[in-house]
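Input: a single structure, listed below in structure tokens.
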Amino acid sequence: MTPADLSRTVLHAVRRAVDENALRAPVPARVRVERTRPGGSGDYACAVALQLAGPAELPALEVARILRERVAAEPGIGRVEITGPGFLSFTLDAPSDSDLAVLHAVREQGIAYGHGGALRDEILQFHHAREVRAAVTAHAVRRLLGSQGARVRITCQEAGDPEWSRLGVTIDAHGTPPVPLPRIRPVPAGATAGELLERLGADAVRWGLLRPAGHDRAPLGDDLLVQGEANPLFRVRYAHARARALTRGAAALGFTSAADAAPPEAPARPLLDLLADHPGVLLAAARHRAPDRVARQLEAVAHAFFDFHDSCPPLPSGDEKPSAAHRSRLALAEAAGTVLAGGLSLLGISAPAHL
């Protein structure tokens, strides 16, 4: 919960008290919430009861008690105290154990977060046509299955295109094994690896081939090279680069991340949920031989990262000092960057720290 969220919560409590006739006073346009000063109680405080006491013709302590009843039950509020002549002091809820577990797991496992052994008993052999999209998909599927413990061998109908090696593709053997890949729609007009690489480069080619479901057409236009929000690949890689820049910026300001430094704020929820879902997405993508699921997951993480970043800046601005909230936000931003890097790696795409 941000100070703005808390301000809206208190304002809502005032409005409820007035609507219920517990207070007879004009509802203020806004309620100011401030960090508790040294020696004070709780995380935040506000003087709204003192502000309303005169118009309500009640003692400030009585106004504070009326508001405390209505604020204390709101999500994210751990405790509400009345201090001094009628100040409301708020202590926010602590992070849940599950949220902390996700952030600690990402920090400990790094880009291997979401890897596991659910498929360790599987030994598979996949066969694909001598076509660039089929080859790239087969090797992305092998990475995904390997991340879940499976052992995979790849074969091709005949000797592969020498240019495939520039896309990270290797062939284990030639011949016809018993397990074909799901149907992969070839690239338009039979474009070769060399032609695609010359025009787009390896990262854009791999994204363009893997982002659509295998049975859908693979769009391979020049928009894959656009350095802007309209290009999902750029957005994913830029989110990763931005997360890494935040770490560098925090170091320059003399602080580091701390996952349990402060409770997660409301805008963090979508991003935390996506990070928690990531292992399940990787396992499902492996089981269904569907690297496009990973690409869509990365797009969702990048979108949630920017929403969180804009609502809850991980770095202080101006004369603001680094706080527990900044350390907690930084931990979440770093976790998002790590998940993005790991997902791109499974797709065989680089994750530069600078863009």
Exercise for review: State, with a plain yes or no, whether a side-chain heavy atom of Asp292 is found less than 4.5 Å away from one of Leu210.
Suggested key: no
Practice item. Give every residue pair that meets the side chain to side chain donor-acceptor pair (under 3.5 Å) criterion with at least one member in residues 222-235, sequence neighbours excluded. Key: Arg199-Asp222
Practice item. Kindly write out the residues that satisfy side-chain contact (heavy atoms from CB on, under 4.5 Å) with Arg24, not counting sequence neighbours, or none if the list is empty. Key: Asn21
Practice item. Can you run down the salt bridge (Lys or Arg N to Asp or Glu O under 4.0 Å) pairs that involve residues 47-64, sequence neighbours left out, and say none if there aren't any? Key: Glu62-Arg65
Review point. Donor-acceptor pair, Ser328 side chain versus Ala325 backbone, under 3.5 Å?
Key: no
Practice item. Inspect the contact between Arg269 and Asp99 and indicate whether a charged nitrogen and a carboxylate oxygen are less than 4.0 angstrom apart. Key: yes
Point to revise | Any Val14 side-chain heavy atom under 4.5 Å of Pro28 side chain | key: yes
Exercise for review: Taking side-chain hydrogen bond (donor to acceptor under 3.5 Å, both in side chains) as the test, write out the residues that go with Arg133, two or more places apart.
Suggested key: none
Exercise for review: List the steps and the verdict of side chain to side chain donor-acceptor pair (under 3.5 Å) for Arg237 and Ser350.
Suggested key: CA-CA 8 Å; Arg237 297 172 87 200; Ser350 65; 2.9 Å; yes
Exercise for review: May I ask you to decide if Ser7's main-chain N or O and Arg30's side chain share a donor-acceptor pair within less than 3.5 Å?
Suggested key: no
Practice item. Let me see the working for Leu272 and Leu103 under side-chain contact (heavy atoms from CB on, under 4.5 Å), right down to the final yes or no. Key: CA-CA 8 Å; Leu272 274 166; Leu103 295 179; 4.1 Å; yes
Check your understanding: What residues, two or more places apart in sequence or in another chain, satisfy salt bridge (charged side-chain N to carboxylate O under 4.0 Å, His left out) together with Arg70?
Key -> Glu20
Point to revise | Residue Gln109 excluded, over 12 heavy atoms near CD under 6.0 Å | key: yes
Exercise for review: If the plane angle is over 60° it's perpendicular, under 30° parallel, otherwise tilted; pick one for His139 and His128.
Suggested key: perpendicular
**Study point:** Residues forming a side-chain hydrogen bond (donor to acceptor under 3.5 Å, both in side chains) with Asp277, sequence neighbours excluded
**Key:** none
Practice item. Taking Arg211 for its side chain and Arg296 for its backbone only, find out whether a donor-acceptor pair lies under 3.5 Å. Key: no
Practice item. Not counting sequence neighbours, which residues clear salt bridge (charged side-chain N to carboxylate O under 4.0 Å, His left out) with Arg32? List them please. Key: Glu34
Point to revise | Glu131 (side chain) donor-acceptor with Ala134 (main chain) under 3.5 angstrom | key: yes
Review point. Is the backbone N or O of Pro352 less than 3.5 Å from a side-chain atom of His240, with the two atoms forming a donor-acceptor pair by type?
Key: yes
Review point. Gln297 versus Arg293: any side-chain heavy-atom pair under 4.5 Å?
Key: no
Exercise for review: Sort and list the pairs that fulfil salt bridge (Lys or Arg N to Asp or Glu O under 4.0 Å) and have at least one residue in residues 335-351, not counting sequence neighbours.
Suggested key: none
Practice item. Any chance you could lay out the side-chain contact (heavy atoms from CB on, under 4.5 Å) test for Arg68 and Leu88, step after step, and finish with the verdict? Key: CA-CA 7 Å; Arg68 179 177 62 180; Leu88 288 171; 4.2 Å; yes
Practice item. Would you sort out whether Phe90 and Thr9 count as a side-chain contact (heavy atoms from CB on, under 4.5 Å), showing the intermediate values? Key: CA-CA 11 Å; Phe90 309 97; Thr9 298; over 6 Å; no
**Study point:** Validation row: Val48, Leu11 side chains within 4.5 angstrom (heavy atoms)
**Key:** no
**Study point:** Side-chain heavy-atom pair Ile349, Leu233 within 4.5 angstrom cut-off
**Key:** yes
Revision key, fill the gap. Salt bridge (charged side-chain N to carboxylate O under 4.0 Å, His left out) filter on Arg107, not counting sequence neighbours, yields Glu334
Check your understanding: Step by step, would you call Asp216 with Arg185 a side-chain contact (heavy atoms from CB on, under 4.5 Å)?
Key -> CA-CA 6 Å; Asp216 290 334; Arg185 185 171 177 171; 5.6 Å; no
Check your understanding: So do the side chains of Leu145 and Arg289 get within less than 4.5 Å of each other, counting heavy atoms only?
Key -> yes
Exercise for review: Return yes if a side-chain donor-acceptor contact under 3.5 Å exists between His326 and Ser323, otherwise no.
Suggested key: yes
Point to revise | salt bridge (Lys or Arg N to Asp or Glu O under 4.0 Å) contacts in which one or both residues fall within residues 300-315, not counting sequence neighbours | key: none
Point to revise | Close side-chain approach of Phe87 to Leu50, heavy-atom, < 4.5 Å | key: yes
Study note, to complete from the structure: Residue pairs meeting salt bridge (Lys or Arg N to Asp or Glu O under 4.0 Å), one or both in residues 113-126, sequence neighbours left out, come to none
Revision key, fill the gap. Sequence neighbours excluded, the answer for salt bridge (charged side-chain N to carboxylate O under 4.0 Å, His left out) partners of Glu81 is Arg79
Check your understanding: Is a side-chain N or O of Glu195 found less than 3.5 angstrom from the main chain of Thr192, in a donor-acceptor match?
Key -> yes
**Study point:** Parallel, tilted or perpendicular, as decided by the 30° and 60° cut-offs, for the rings of Tyr238 and Phe234
**Key:** parallel
